[in-house]
Amino acid sequence: MKQLSPALLTKAVFRAVDQLNMTENLSSLLHMSAHEAAQLRAGERVLDPQREEWQGALQVVGLFRTIVEVLGSVERAKAWLGTPNETLGGRPADLLGTPDAERVHRYLNSVRKHELRMPPPVRREH
């Protein structure tokens, strides 16, 4: 398998967080300071494969691919991330970037593995 370049992963992680409306969570998702995240956004640096941020970025991109595959669209993925999930004990978006993020990843991988179809998020009337 071809080695993933830092520039390509940096671009992919921004594409994923932008499409999922999770840009404000970037620093926690990548386990870095807000200043470092701003440097990435400004193009002053790329992700470093020797730092924890690299694994965080791989997880974000993997999450993006899995969630869109399982839910069928970016719009449904965004809705699911923002909706409280009883099984996970909170909104998936709030759990990502925390020690509980692994539960979200396991949940989505389990759904994908068993080819389950997740129901659409419940729309609440205002």
Side-chain angles (χ1 to χ4, degrees):
M1 186 170 144
K2 186 177 177 184
Q3 181 77 16
L4 187 61
S5 77
L8 184 61
L9 183 57
T10 301
K11 183 178 178 179
V13 79
F14 278 116
R15 182 175 177 261
V17 296
D18 290 348
Q19 287 193 46
L20 294 175
N21 291 341
M22 296 188 67
T23 305
E24 65 188 37
N25 304 67
L26 183 65
S27 58
S28 65
L29 291 170
L30 300 184
H31 314 287
M32 61 173 42
S33 71
H35 176 72
E36 290 171 314
Q39 287 178 317
L40 279 177
R41 178 63 79 179
E44 295 171 11
R45 65 187 281 276
V46 293
L47 291 164
D48 182 346
Q50 303 304 314
R51 295 181 58 189
E52 187 178 11
E53 64 193 35
W54 187 262
Q55 286 304 314
L58 290 173
Q59 283 188 327
V60 168
V61 172
L63 169 82
F64 176 79
R65 288 179 177 164
T66 300
I67 196 170
V68 171
E69 176 187 333
V70 168
L71 291 166
S73 74
V74 172
E75 289 307 314
R76 287 188 69 196
K78 286 190 291 192
W80 183 80
L81 284 167
T83 302
N85 182 297
E86 192 174 308
T87 302
L88 295 172
R91 289 178 349 126
D94 295 337
L95 300 173
L96 296 171
T98 74
D100 293 323
E102 187 57 34
R103 283 194 332 219
V104 177
H105 292 280
R106 283 195 317 263
Y107 180 87
L108 286 169
N109 286 328
S110 177
V111 168
R112 182 177 63 186
K113 177 181 176 186
H114 297 291
E115 295 183 6
L116 302 174
R117 286 287 158 235
M118 295 196 327
V122 176
R123 296 192 187 265
R124 294 193 174 100
E125 298 300 319
H126 296 285

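Not counting sequence neighbours, the partners of D18 by the salt bridge (Lys or Arg N to Asp or Glu O under 4.0 Å) test are R41. By the side-chain contact (heavy atoms from CB on, under 4.5 Å) test, E44 pairs with Q39, A42, sequence neighbours left out. Listed by chain and number, the residues in a salt bridge (Lys or Arg N to Asp or Glu O under 4.0 Å) with R91 are D94 (sequence neighbours excluded). In terms of the side-chain contact (heavy atoms from CB on, under 4.5 Å) criterion, residue partners of S27 (sequence neighbours excluded) are, by chain and number, M32, A37.
With rounding to the nearest 0.5 angstrom, the CD atom of Q19 is 9.5 Å from the CG atom of N21. Here the straight-line distance linking atom CG of D100 with atom NE2 of H105 works out to 11.0 Å at 0.5 Å rounding. A distance of 12.5 Å separates CZ of R76 from CG of L81, quoted to the nearest 0.5 Å. If you take NZ on K78 and CD1 on I67, they are separated by 11.5 Å, rounding to the nearest 0.5 Å. Atom CG of L30 and atom CG of D48 lie 12.5 Å apart (nearest 0.5 Å).
Annotation for L71 and A77: closest pair CD1-CA, 3.5 Å, computed over non-hydrogen atoms. Considering every non-hydrogen atom in both L96 and A101, the closest pair reads CA-CB, 3.9 Å.
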Please tabulate, for the side chains in residues 4-15, all donor-acceptor contacts under 3.5 angstrom to protein atoms that are two or more places apart in sequence or on a different chain.
residue: S5; atom: OG; partner: L8; partner atom: N; Å: 3.0
residue: T10; atom: OG1; partner: P6; partner atom: O; Å: 2.7
residue: T10; atom: OG1; partner: L47; partner atom: N; Å: 2.9

Would Y107 and N85 count as a side-chain contact (heavy atoms from CB on, under 4.5 Å) if you check the C-alpha gap in whole Å, the side-chain angles of each, and the deciding distance to 0.1 Å?
-> CA-CA 11 Å; Y107 180 87; N85 182 297; 3.6 Å; yes
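In this structure, V17 is not a member of the same hydrophobic cluster as V46, with clusters built from ILVMFWY side-chain heavy atoms closer than 4.5 Å.
Between the side chain of T66 and the backbone N or O of L63, no donor-acceptor pair lies under 3.5 Å.
When the options T98, L88, L108 are evaluated for a side chain to side chain contact (heavy atoms under 4.5 Å, CB included) with R103, the one that passes is L88.
Sorted by first and then second residue, the pairs that involve residues 52-63 and meet side chain to side chain donor-acceptor pair (under 3.5 Å), not counting sequence neighbours, are R45-E53.
Judged by distance alone, the side chains of N109 and R106 never bring a donor and an acceptor atom under 3.5 Å apart.
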